[in-house]
Amino acid sequence: MKTILVTGGTGYIGSHTVVELQEAGFNVVVVDNLSNSHVEVIDQIEAITGTRPEFEKVDLRDREATLEVFTRHPDIRAVIHFAALKAVGESVNIPLDYYKNNIDSLIHVLEGMKLSQVHHIVFSSSCTVYGEPDVLPVTEHAPIKKANSPYGNTKQICEEIMADFRIPNPDINVISLRYFNPIGAHESALIGELPIGIPNNLVPFITQTAIGIRDELKVFGDDYNTPDGSAIRDYINVVDLARAHVVAIERLIGKKNKSGYEIFNLGTGKGNSVFEVIKTFEKVTKSSLKYKVVGRREGDVEQVFADTAFANEELGWKAEKSLEETLLTAWKWEQYYRAENTPKSRTKK
Ligand code: UD1
């Protein structure tokens with residue numbers, strides 16, 4: 001069985017990808033420092049798939065500890081590197097933490113790969129590299145704009161590091177996946193997005209408001225040059241996104257990649273405004289959401305959505321789930337998680 005090292009595998013996108021990898025027959029080793037996730041996610045992955053992934057609590061900023069992961073697992077065939085800090089606003093306040101965490105970790109992973117002759121890496125990138133795009137939908141050829149946050153800059157720098165690393169190491173194959181806005185949860189409701197503290201992202205804020213943890217959602221701006229004035233994003237189901245990683249791994253291991261460094265946009269190709277997301281959530285949950293419009297959030301772009309043609313044709317992958325279905329999975333997850341984690345349910349166990 002082929003072994004894949006998944007860094008950040010207890011995180012939001014990482015955990016969904018571990019499930020899809022195991023269901024596709026891969027053996028998975030998860031490393032995570034649990035700085036923004038919970039070790040119980042491993043139990044949930046086992047509950048879904050019937051297989052417990054190997055788990056090691058490792059901080060990838062620690063070079064020796066990272067290299068030891070590779071020596072302990074000489075069967076690793078490929079790496080999916082998710083582990084990173086990802087809050088845009090926070091990155092403005094603690095930029096050095098972002099640079100140290102996101103960049104050192106990648107460097108140590110690449111060093112481990114070189115040491116152990118692992119030739120394939122799938123990298124977790126973001127549409128943030130395009131900034132405010134000049135042309136919509138955004139293709140992979142759109143220019144990289146100056147990053148509007150240290151977080152965004154780490155994604156750009158990491159992509160450049162991998163490109164430079166390949167020059168003296170041409171046997172290394174990279175697929176960089178630029179995510180648009182991943183949302184939703186596994187349909188079992190056993191794993192989902194679990195931000196620690198106040199959510200920055202729209203959908204967890206919506207579900208936490210609906211369940212009564214937050215008073216109201218703040219809509220950041222209704223004066224954008226869009227049909228209803230709110231900002232537009234390409235919201236992609238997290239399981240659809242996770243499946244793309246399996247396809248990328250199979251492409252690398254099967255030597256089907258057409259160059260040593262490939263980049264794919266992962267989105268649905270459709271843009272939805274913040275108001276559309278709210279209305280759809282209200283429709284599928286048959287509830288009304290408390291929200292108010294406030295000023296724009298600094299650093300937000302007006303609209304961004306993917307041209308998916310290249311990913312669809314080259315990877316043979318397509319996002320399938322609708323916004324309706326996806327928001328319902330996010331809501332089911334929120335309800336499941338809160339029910340499981342109230343003091344009452346804890347004493348019951
Ligand atoms: C951002 C980054 C993305 C990163 C992601 C991770 C950009 C362009 N995108 O996505 O690369 O991977 O964060 O955290 O930097 N909104 C509200 N109220 C809220 C929360 C959000 O109105 O309480 C609005 C935002 O203004 C935005 C939309 O909802 O228009 C989506 O916001 P969010 O979920 O935070 O994602 P992005 O900012 O698009």
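Every number for a ligand or one of its atoms is a count from 1 in the order of the listing. These figures come from a predicted structure and were not determined experimentally.
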When distances are taken from atom 15 (O) of ligand 1, the protein heavy atom at minimum range is Thr128 OG1, 3.3 Å
As an exercise, state the distance from NZ of Lys57 to CG of Asn33, rounded to the nearest 0.5 Å. 7.0 Å
Under a 4.0 Å heavy-atom limit, does Lys155 contact ligand 1 with its side chain, its backbone, both, or neither? neither
Distance check, rounded to the nearest 0.5 Å: Tyr179 atom OH versus Ile236 atom CD1? 10.0 Å
If you scan protein heavy atoms around atom 34 (O) of ligand 1, the nearest is Leu202 N, 2.8 Å
Between Arg63 and Asp104, does any NZ, NE, NH1 or NH2 come within less than 4.0 Å of an OD or OE carboxylate oxygen? no
Nearest to atom 37 (P) of ligand 1, what protein heavy atom do you find, and at what distance? Asn181 ND2, 3.5 Å
Glu324 vs Thr280, test: side-chain hydrogen bond (donor to acceptor under 3.5 Å, both in side chains). Steps then yes/no. CA-CA 6 Å; Glu324 283 82 354; Thr280 308; 5.1 Å; no
Could you tell me, atom by atom, which parts of ligand 1 come under 4.0 Å of a heavy atom of Asp300? 25 (C), 26 (O), 38 (O)
Within reach of ligand 1, part of Asn201 (heavy-atom separation under 4.0 Å): both
Is it the case that the ring center of Tyr235 lies less than 6.0 angstrom away from the ring center of Phe180? no
May I ask you to identify the nearest protein heavy atom to atom 2 (C) of ligand 1, giving residue, atom name and distance to one decimal place in Å? Val88 CG2, 3.9 Å
Look at atom 4 (C) of ligand 1 and say which protein heavy atom is nearest, naming residue and atom and giving the distance to 0.1 Å. Tyr151 OH, 3.5 Å
Nearest-neighbour protein heavy atom for atom 18 (N) of ligand 1, which is reported as residue plus atom name and distance: Lys218 O, 2.7 Å
Got Lys155 and Lys86 here, is their nearest side-chain heavy-atom distance under 4.5 Å? no
Roughly how far apart are Glu160 CD and Ile103 CD1, rounded to 0.5 Å? 9.5 Å
Tell me, please: is Tyr224 in heavy-atom contact with ligand 1, that is, under 4.0 Å? no
Please could you name the atoms of ligand 1 that Val219 approaches to less than 4.0 Å, counting only its heavy atoms? 22 (O)
Val277 and ligand 1 - part of the residue with a heavy-atom distance under 4.0 Å: neither
Nearest non-hydrogen protein atom to atom 11 (O) of ligand 1, with distance, is Ser126 OG, 2.5 Å
Here the atoms of ligand 1 under 4.0 Å from any heavy atom belonging to Lys86 are 6 (C), 14 (O)
Ala231: numbered ligand 1 atoms lying under 4.0 Å from its heavy atoms: 30 (O)
Can you name the atoms of ligand 1, numbered from 1 with element, that are less than 4.0 Å from a heavy atom of Tyr235? 28 (C), 29 (O), 31 (C)
Is the distance between the ring centroids of His245 and Phe82 less than 6.0 Å? yes
Evaluate side chain to side chain contact (heavy atoms under 4.5 Å, CB included) for His186 paired with Val239, printing each intermediate quantity in order. CA-CA 6 Å; His186 193 265; Val239 177; 4.2 Å; yes
May I ask which of Arg296, Arg297, Arg233 has a heavy atom nearer to atom 32 (O) of ligand 1 than the others do? Arg297
Return the closest protein heavy atom for atom 17 (C) of ligand 1 as residue, atom name and distance. Phe220 CD1, 3.3 Å
Below 30° counts as parallel, above 60° as perpendicular, anything between as tilted: where do the rings of Tyr151 and Tyr98 land? perpendicular
CA sep, side-chain torsions, deciding dist, call: Leu60, Asp62, side chain to side chain contact (heavy atoms under 4.5 Å, CB included): CA-CA 5 Å; Leu60 300 173; Asp62 182 339; over 6 Å; no
